[in-house]
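As a basis for the values below, the full set of heavy atoms in this structure was taken, side chains included, without hydrogen atoms, waters or symmetry mates.
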Amino acid sequence: MSRLSIWFQTIRPKTLPASLAPVIVIAGALLHDGLFRLKPFLLVLAVALTAQIASNVTNDYFDYLSGADRRRKLGPKRLITTGDITPGWMLLASIFWVSLCAVLGIWLAAITSWWLLLLGIVVLLGIIAYSAGPYPLSYNGLGDLAVILFFGIIPVLGGYYAIGESLPSYLIPAAFSIGFSNANILVINNYRDYPEDKESGKRTLIVRMGEASGPYLYMFNALLALVCYIVAGVMSGSYIITTIGLLPIALFLYTGTITTFSRKGKGLNPLLGFSAKITGLISTILLIAFIL
């Protein structure tokens, strides 16, 4: 790989739809309520993307330090482990992306409301606390909760409030739907990595509950994502689009769940991208439902 390609891979581009989905929902809700403003919306998008990139890079660095990535055989190798990037350069990349996210967040707060700085501090602490600190969330069974919060509830509700300065009730179940759907990406990752995580002492929720819990946890999140989608669509008053979108979403969630029950190890890798597509599908249909 070229040097540029290596650095591009550090941001884990295939995972970025997880942070795009909340912004898609925000766009639909703002258009629905007649409150869309382009400049702050673009800043919300930029903050969401840089926050996820910062989380990805920071996670890579601290997973390497902990030794978790050095035992990785089932999932894709991280670039520090392969020797393509040194730990020092990855740390600098982490500092860069965290700093850029902070600067964009301050800019957003300056043109909307300064209370967003408090939310920004929570997000930045979450980026670090996910895999670092005295009690890293991903190593103590709290990674799934962190995903629901930071890739569902906080970006959807916080992003909308930053621009619309209000919080419509229908947006709350929409935020949970995106959060539960995004959490299944982590479920697949942790179910695949169960043997390695258990050996390295990374006590994910699936390690705590047992390997057999993986498919059931995926099914639980899928059902909650579907129910929250229906509630959001109905509360927004978009009965027709919500009903039309119900079939493809249910089919995708059913396919993902059945596949999780039938595969293990490397066989789960294709389901990572498939699960991300489910989140994209839910957010896109919610966008259409809200604006129509």
Side-chain angles (χ1 to χ4, degrees), residues 15-29 31-32 48 143-157 159-160 167-192 205-206 209 212-263 268 270-292:
T15 69
L16 297 185
S19 58
L20 289 175
V23 183
I24 292 172
V25 173
I26 292 171
L31 290 168
H32 175 274
D144 302 74
L145 177 61
V147 170
I148 294 170
L149 284 174
F150 292 105
F151 289 93
I153 298 171
I154 290 178
V156 173
L157 302 184
Y160 180 95
L167 197 60
S169 57
Y170 69 85
L171 198 60
I172 297 174
F176 275 94
S177 181
I178 296 300
F180 286 123
S181 184
N182 269 333
N184 266 346
I185 301 173
L186 181 64
V187 169
I188 293 300
N189 185 81
N190 291 345
Y191 182 42
R192 179 200 64 201
L205 185 58
I206 292 178
M209 296 174 63
S213 68
Y216 292 98
L217 186 57
Y218 190 99
M219 181 173 64
F220 179 72
N221 286 338
L223 288 172
L224 288 177
L226 183 63
V227 170
C228 289
Y229 157 79
I230 296 171
V231 173
V234 171
M235 289 179 67
S236 71
S238 181
Y239 306 107
I240 296 177
I241 300 300
T242 301
T243 303
I244 293 173
L246 183 59
L247 180 59
I249 291 174
L251 285 174
F252 268 66
L253 289 171
Y254 175 79
T255 301
T257 301
I258 293 300
T259 306
T260 306
F261 274 97
S262 63
R263 295 186 184 182
L268 290 165
L271 199 54
L272 287 168
F274 184 80
S275 298
K277 290 176 182 177
I278 294 176
T279 306
L281 177 64
I282 293 174
S283 63
T284 301
I285 294 178
L286 283 174
L287 166 69
I288 298 170
F290 291 162
I291 63 178
L292 297 180

Contacts satisfying side-chain hydrogen bond (donor to acceptor under 3.5 Å, both in side chains) that involve residues 225-237 (not counting sequence neighbours) are none
Pairs of donor and acceptor atoms involving the side chains of residues 241-257, under 3.5 Å and at least two apart or interchain, shall be tabulated with distances.
unit_1 : atom_1 : unit_2 : atom_2 : d
Thr242 : OG1    : Ser238 : O      : 2.5
Thr243 : OG1    : Tyr239 : O      : 2.7
Thr255 : OG1    : Leu251 : O      : 2.8
Thr257 : OG1    : Leu253 : O      : 2.8

Where is the tightest heavy-atom contact between Val25 and Ala174, given as atom of each residue plus distance? CG1-CB, 4.1 Å
May I have all residue pairs that pass side-chain hydrogen bond (donor to acceptor under 3.5 Å, both in side chains) and include part of residues 281-292, sequence neighbours excluded? none
Test of understanding: with side chain to side chain donor-acceptor pair (under 3.5 Å), list the residues that count as partners of Tyr191, not counting sequence neighbours. none
Where do Ala183 and Ile148 come nearest, in terms of heavy atoms and distance? CB-CG1, 3.9 Å
Ile206 side, atom CD1; Asn190 side, atom CG - distance, nearest 0.5 Å: 5.5 Å
Output the distance between atom CZ (Phe290) and atom CG (Leu287), rounded to the nearest 0.5 Å. 9.0 Å
For residues 212-227, which side-chain N or O atoms pair as donor and acceptor with protein atoms under 3.5 Å away, sequence neighbours left out?
unit_1 : atom_1 : unit_2 : atom_2 : d
Ser213 : OG     : Gly210 : O      : 2.6
Tyr218 : OH     : Ser275 : OG     : 2.9
Asn221 : ND2    : Asn184 : OD1    : 3.2

Within-4.5 Å side-chain heavy-atom neighbours: His32 and Leu292: no
Pro155: side chain to side chain contact (heavy atoms under 4.5 Å, CB included) partners, not counting sequence neighbours: Pro22
First locate atom NZ of Lys277, then atom OG of Ser181, and finally report the distance between them rounded to the nearest 0.5 Å. 13.5 Å
CD1 on Ile24 to CD1 on Ile282, rounded to 0.5 Å: 11.5 Å
Who are the side chain to side chain contact (heavy atoms under 4.5 Å, CB included) partners of Ala276, not counting sequence neighbours? Ile185
What's the spacing between Leu171 CG and Leu286 CG if we round to 0.5 Å? 9.0 Å
Closest non-hydrogen atoms of Cys228 and Phe176, given as atom of the first, atom of the second and distance, are SG-CB, 3.8 Å
Working to the nearest 0.5 Å, report the span between CD1 of Ile172 and OH of Tyr160. 11.5 Å
Crowding at OH, Tyr170 (>12 non-hydrogen neighbours, <6.0 Å): yes
If you look at every heavy atom in Gly159 and Ile26, which pair is closest and at what distance? CA-CD1, 3.8 Å
